[in-house]
Every structure is written in structure tokens, then in C-alpha cells.
Amino acid sequence: MCRSTKTSSTRGPTGRPPGTTCAARTPRVTSPPLTPRWSSTPAAACSKTAGTTRQKRPCAAMASRWCATPKPPRTEPRAEAAAGHPPATRTVSPFCGAQTGAVFVHTPSSDPMTLRVRFAPSPTGHLHIGGARTALSNYLEARREGGAFVLRIEDTDPERSKKEHEEQILRDLAWLGLRWTEGPDVGGPFGPYRQSERYDRYRAVAMDLLARGLAYRCNATPEELDQMRAEQSAKGEDPRYDRRNRDKDLGPDCGPHAIRVKMPIEGLTVIDDLIKGRIEIRNELLDDLVILRTDGTPTYNFVVVVDDHDMGINLVARGDDHINNTPKQIHIYHALGAEVPRFAHLPMILGPDGSRLSKRHGHTSLGQYRDMGIVPEAMLNYLARLGWSHGDQEVFTEAELIEHFRLSDVGSSGARWDMDKLEWLNQTWIQSFASAELVERALPFLEAEGYVTAGLGARLPAIIGAFQKRSRTLVELAKQARFFFIDDAELSWDEAAVAKHLKPEAGALLSALADRLEAEPTWEEPALTAVVDALLAERGAKMGKLAQPVRVALTGQGVGPGVYEMLLGLGKEISVRRLRAGAARAT
RNA sequence: GACCCCAUCGUCUAACGGUCAGGACUCCGGAUUUUCAUUCCGGCAACACGGGUUCGAUUCCCGUUGGGGUCGCCA
């Protein structure tokens, strides 16, 4: 029997169940949900059709929305980007073909489609760096193609979803520099963008599936199912739903029940993944998954498909831990009569030991890296380079990433998190900042150390500049700058350095230097250099003779910034005072 | 266990049948220097294994091993 015959008879003229307001939700880009995207009649759909290759091209009209953002110059849409996309997904025997063994290939819309991608975090915690990577990949793809980047909140878990998490995730994404064209905060034509606000829609779709015989009621209790799985395991079988209620056609009066969707029982589902290539899964392995729980709330695999369809998402890029969900989702698309998007499954980010990155490996949330003084440019750069490369280039600006990054060029193997490389990139980026830029970035970290940064005038950029080439992170910068901000009495003294460099003859030099500097009206590098050079010339000494004693006197330590950097950062008063104190110590 | 994914220096990666297997991080030397850092030069270091296919495999195929992921009325 060809199931879609029944489908067509139950769908009705509008293809929409009563009470569904989906048309209002999908003003454009997609046809109304529940209307088959595949062309012609159900009978035609059941017949064998040839594979088709979807063509996609950048939409110039959509590019303007990105141009509204001030940042980097947009690169030209690339003509070659349009070519060569593989067929989205090919399914062998979904509902209609399953029973006949026919090969079914859905026919994509012929409309030139604007790329629409999404990032759908669940607000149950902070933004994980894996999530950040996924978000970035989607974002770059959208930017290059002039498409839409949709942010959707997957808050169907009322227990764990928290508003403050959602807000924090949005802030973290913004910190990274990602900007979305549609989302819960900015709105958009496909809202609402929080799943908790779309429950009516999910229920309506589920009821429609039920009415069309593509889903069914299952009154097995979770306890019964647990027992079933336990028995299966005991017998050495794979634990899975035994389809016990699939063909019973249970009515609404069957007691507390969930709604399950019917998966095909035989055949093959094929995913043509942008990153992984061809993936085949035997349909017999697919469980009839619950789409509506007993309490009426929808489940993840269901809402994802409904939303992605409603929102016109045509490329889904996510972690490869979702690969096993994909065939089930594809069949839900088919049940909805919806076009299946292309998929790109990004490999996982692994911990340094090769296992899945977790808290025990250290920091896993984006916010923690921000707090440790990683700049967003470096994080963006590092995240993009994980699993992807462009020639021998290591440092990329956002604009360069938008131009060169492609999901299809991402490697298919997992990548380990390498803090050393991240810090190296961070240092490289810190070195690239203009003075005022670095000051602005470093200020919060200085304040976090408890330093008073107000009223420093030109000393502040001098202090921060002194560490621009000496810091791998902004926290490191702030900690190194400590001697600039504390009272003389608080200086910590490296006794070995003191013993080595603050000897009597050095004391005389320091004392003389202090006198001359005190008399110097111009506290700028050329003037200071002149003072030091003159002193050195008179004494017939080299800089090497003076630098270390000065450094120890000024900082208490044997290592630190250059002499003039210290002098400029400290200012005249403190410099002279510390030099005198150092001279006194040296006698 | 079943299913799915993956496999080049320690790490991130390049190579798209013929290369002295390239670059970057880390590490180790050296140069510059005012200590440290920066910068510049140099060095160590890899095709997991076994079968095919081929005149020729790191590249293609199969298997083994190893690693990762998924097996919920979580997302």
C-alpha cells in the first residue's frame, strides 16, 4: 500500500488542520507547512524519480541586510559558491516508497533560495565553545552568501531552561562578534524565536500527522518501556521501541498516551553531508520516536524539524553528535511534506587527551575565555581554524573568514583543544591593536585587579603599551602591570635580583639618575633618553650597567619592561622616589 | 554490545597517484637586545597496521586496530 494515498485523502484542500495558523507564520521563502514541497501528485511522488541536484546562488538582495552592520567590508558574492552543491538528501523508501521498495527522491523547489541558517542553543547553561564554533560556522556561511542567520532558543526543557542563561548566551555571541538577522531579541518574519512560545504550532502539526496516519498514539508507560529495554538488553538485543502500538490505531480515549511518529521499516536513508559526505542508515534501525509527550509537550527532534521548516532553514550546520538524529528528522520532514535542508555535521571539539571536551579538561565556556583575557578576534580566529585551513594562513580577520571559510572545506575528523595555540593567536592579536584600542580592552582587567586607573592621563597608555609585546592574555597583562599601580611599600622584592643588581656602585648611579630626572622638565622618551645617555657618557658606563639596577629599583624584580617604558608609565614623581629608595637599598 | 563518524609531526593542518611529505603552535638551539618579551634564523618531530587496485600509493577500495559519538516521553 502506498501510504501517501491515504495522506492525500486526509490532508484536505488546504493541507492544514483546523486551528493551524501556519500561513501567518511563514510569509515567504517557504511554502506553508504541511504542504508538500515535492511536486505533482502523491502518485507521482510514489513513482521512481531521478536524482536532482539543487542549485543555489547567493541572493544579492539579501546582502543588504548585512551591509547595515558597520564592520568589515563585505566581500563580493562568489559565483563559484553557487555551483557544486551536492543533492541535499536522498531517501530511499520513506513513507510511500518504503512498502514498495521504490527509490524516492524528493524534488526541491526550483525557486532561487536565499541561504537561511540558524543557531539554536538551549538556554540550560553557558555558551559552550563547541556551540560557539557551530554558531560561527553558520554565521560565516550566511555572511558569505548574503543569507539569513537565525537565532532560535530551544527552551523546551522547562526545568533546565533559564532566562538568565538565554541572556548570557546572547551576550556571549555578541561578544564574539556574531550578529544575527533574526532572533528572540530582534524579531523577524518567522517568529516567535523561542520554542516555548510555539507550543500550539507543534501540537497542531502533531495532530495533523496523527490525522494523516503518519503518527499514532502510544499508551505504553515509561516504566513499561524501561522494563522492555531491560529485557531486551538481558537477552542481548539492542534496546529499542518495539512498535507495540504502531498499528493498533489507538483513539484519544486510550488513557495517558504519547504521540509517536511512524518511521519507515525498511530501506535506506542517505544523507549527503557537506562535511562528512555520504552517510547511509538502514531504516529498520530507526525508532518510532515520541513527538508529543504524555503531558502534551513536544520533543526535541520534532520541534527542530517543525521550526527549521517553518523558518525556511535550508542548511543545517551542527555538531556531528546529531548525525544519528538526522535520518529521523529527515523522515519527519517527509511526513510534513517539507523540503529537507542540506546538512553539515561539524566534528566535535575534543579535549587535549582526545576525549570529548568537558569541564575536567578545564574551561569549556566562552565566557571563561573572555574572563581570562582572550580577545574575541583571537577566539574567532582559533575557532575557525579548528578543522579548517586556508593555505598557510594562520591569522584571519573576520572579513577574511567571511571571504574564505566554507563549511564544505571543514575537515571531518575531531580536533583537540590547544590552549597554547589559542594563546599564541591571542598574543598575536594583542600585538596588532592600536594603543587606544588596547587600553580600552585592558581597562576592565586592570580594574578587576583592583587598580585605580582614573586620572592617569598619558601614563595609562604607556603602562599598557609596556606589556603589549609581553602578554599572551589580558589577565597576564594586568597582573604584570601590578608594580605600576601599587604603593611603593607594597612592592614585592626579588631578593636575588636585589643582591645582584643593587650594589653600592649601582646605588650611586641610581642616585645621580634620580637627581637628573627630577630636574628634567619634559617627561617624554627623547628627553629621558638624553638624560640617561648623558649620565652614561659622563660615567663611561654602558646601558647594561644601569638598566638592571633601575629595573629592580622601580619594580622590585629583575624582569620587566624597558627602562623608558617603566619611567614613562610610572611618571616622574614615582620614578624618582623609587630610584632614590633603590639607591638607599644599594648602600 | 549495536549503529554512525573519524585516522599525516605531541597539537592544528597542507598534499587532491609520482613532493627531500609543506606551514603553524609547542619544545630545543642561535642572532639582535637593557632583563623579560618581541623580532629574525635554525633544529627535533608524522603518512596507525594489513591486504588489495595501479607502472607507482599518504592519497583509491576492503579489513584490522585505535579514538570519538549515539542508542530517553534530554536537548
Side-chain angles (χ1 to χ4, degrees), chain A residues 120-124 154-157 159-161 195 218 220-222 225-226 229 233 236-241 256-260 271 273 275-277 279-282 285-287 289-301 303-304 319-327 345 347-348 350 352-356 382 385-395 411-425 427-428 431 466-472 480 497 500-501 532 542-548 550-552 555 557-566:
Chain A
S122 142
T124 53
E154 308 229 321
D155 55 352
T156 51
D157 185 340
E159 286 294 302
R160 298 192 298 146
S161 294
Q195 291 182 330
C218 173
T221 64
L225 296 175
D226 284 346
R229 291 192 194 92
S233 296
E237 297 171 2
D238 299 335
R240 47 175 316 203
Y241 179 65
H257 61 273
I259 309 286
R260 288 179 186 268
I271 309 168
D273 194 278
I275 294 173
K276 302 283 187 177
I279 301 171
E280 296 181 3
I281 289 100
R282 296 197 307 276
L285 267 14
L286 270 24
D287 269 357
L289 54 85
V290 170
I291 57 175
L292 231 50
R293 301 185 185 96
T294 302
D295 67 4
T297 59
T299 59
Y300 168 78
N301 278 112
V303 298
V304 163
D320 70 8
D321 50 341
H322 284 283
I323 286 181
N324 290 298
N325 290 328
T326 307
H345 286 97
M348 298 273 89
L350 276 17
D353 64 354
S355 66
R356 196 216 248 279
Y382 180 73
R385 268 290 280 111
L386 220 45
W388 173 83
S389 65
H390 179 70
D392 287 340
Q393 189 171 347
E394 294 290 347
V395 180
S412 49
S413 54
R416 301 188 194 207
W417 189 254
D418 183 355
M419 199 57 205
D420 281 331
K421 183 111 182 208
L422 208 210
E423 288 195 350
W424 172 77
L425 269 174
Q427 178 176 37
T428 303
Q431 286 182 42
F467 296 105
Q468 184 156 21
K469 287 184 163 46
R470 277 171 253 261
S471 309
R472 284 168 78 88
Q480 292 187 104
K500 186 172 179 188
H501 299 295
V532 170
K542 290 289 200 56
M543 188 59 168
K545 203 81 173 164
L546 183 65
Q548 279 302 79
V550 169
R551 183 166 292 109
V552 175
T555 73
Q557 302 292 309
V559 298
V563 166
Y564 302 110
E565 291 175 311
M566 294 187 292

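Quick note on labels: first sequence line is chain A, next is B, and so on, each numbered from 1.
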Rounded distance [0.5 Å steps], CD1 in A/Ile259 versus OG1 in A/Thr299: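 Nearest 0.5 Å value for the CD1-OG1 distance: 11.0 Å.
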Using whole Å, what does the distance between atom P of nucleotide B/rC6 and atom NE2 of A/His322 come to?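 So the NE2-P distance, A/His322 to B/rC6, works out to 17 Å.
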Atom-pair distance (CD1 on A/Ile281; P on B/rC71), nearest Å: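 Taking atom P of B/rC71 as the reference, CD1 of A/Ile281 is at 14 Å.
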For a side chain to side chain contact (heavy atoms under 4.5 Å, CB included) check, start with the C-alpha distance between A/Thr294 and A/Thr221, then their side-chain angles and the critical distance, and finish with the verdict. CA-CA 9 Å; A/Thr294 302; A/Thr221 64; over 6 Å; no
Looking only at atom [atom1], what distance separates [N] and [M], rounded to whole Å?
N: B/rG22; M: B/rA31; atom1: C1'; result: 25 Å
N: B/rC3; M: B/rU64; atom1: P; result: 11 Å
N: B/rU11; M: B/rC49; atom1: C1'; result: 23 Å
N: B/rA2; M: B/rU58; atom1: P; result: 32 Å
N: B/rG69; M: B/rG51; atom1: C1'; result: 28 Å
N: B/rU33; M: B/rA45; atom1: C1'; result: 30 Å
N: B/rU8; M: B/rU13; atom1: C1'; result: 9 Å
N: B/rC47; M: B/rC28; atom1: C1'; result: 25 Å

From the set [options], return the single nucleotide nearest to any side-chain atom of [X].
X: A/Arg416; options: B/rG23, B/rC12, B/rC73; result: B/rC12
X: A/Leu386; options: B/rC12, B/rC6, B/rG1; result: B/rC12
X: A/Gln427; options: B/rC36, B/rU34, B/rU38; result: B/rU38
X: A/Trp424; options: B/rC25, B/rC73, B/rG68; result: B/rC25
X: A/Lys469; options: B/rU13, B/rU38, B/rG68; result: B/rU38
X: A/Ser412; options: B/rA75, B/rC6, B/rC3; result: B/rC6
X: A/Arg229; options: B/rG72, B/rA7, B/rC4; result: B/rG72
X: A/Arg385; options: B/rC4, B/rU13, B/rG68; result: B/rU13

[N] - base-pair partner by Watson-Crick or wobble geometry, distances under 3.5 Å:
N: B/rC49; answer: B/rG63
N: B/rG29; answer: B/rC41
N: B/rC3; answer: B/rG69

Under 4.0 Å, counting only non-hydrogen atoms across every strand here, what does A/Thr156 touch: a base, just sugar-phosphate, or nothing?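 If one applies the 4.0 Å heavy-atom cut-off, A/Thr156 turns out to touch the sugar-phosphate alone, with no base involved.
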Are A/Tyr382 and A/Trp417 near enough that their ring centres are under 6.0 Å apart?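 So the answer is yes for these two rings.
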Between B/rA14 and A/Ser389, is there an OP1 or OP2 to side-chain N/O distance shorter than 4.0 Å?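 For A/Ser389, the contact criterion (side-chain N or O under 4.0 Å from OP1 or OP2 of B/rA14) is met.
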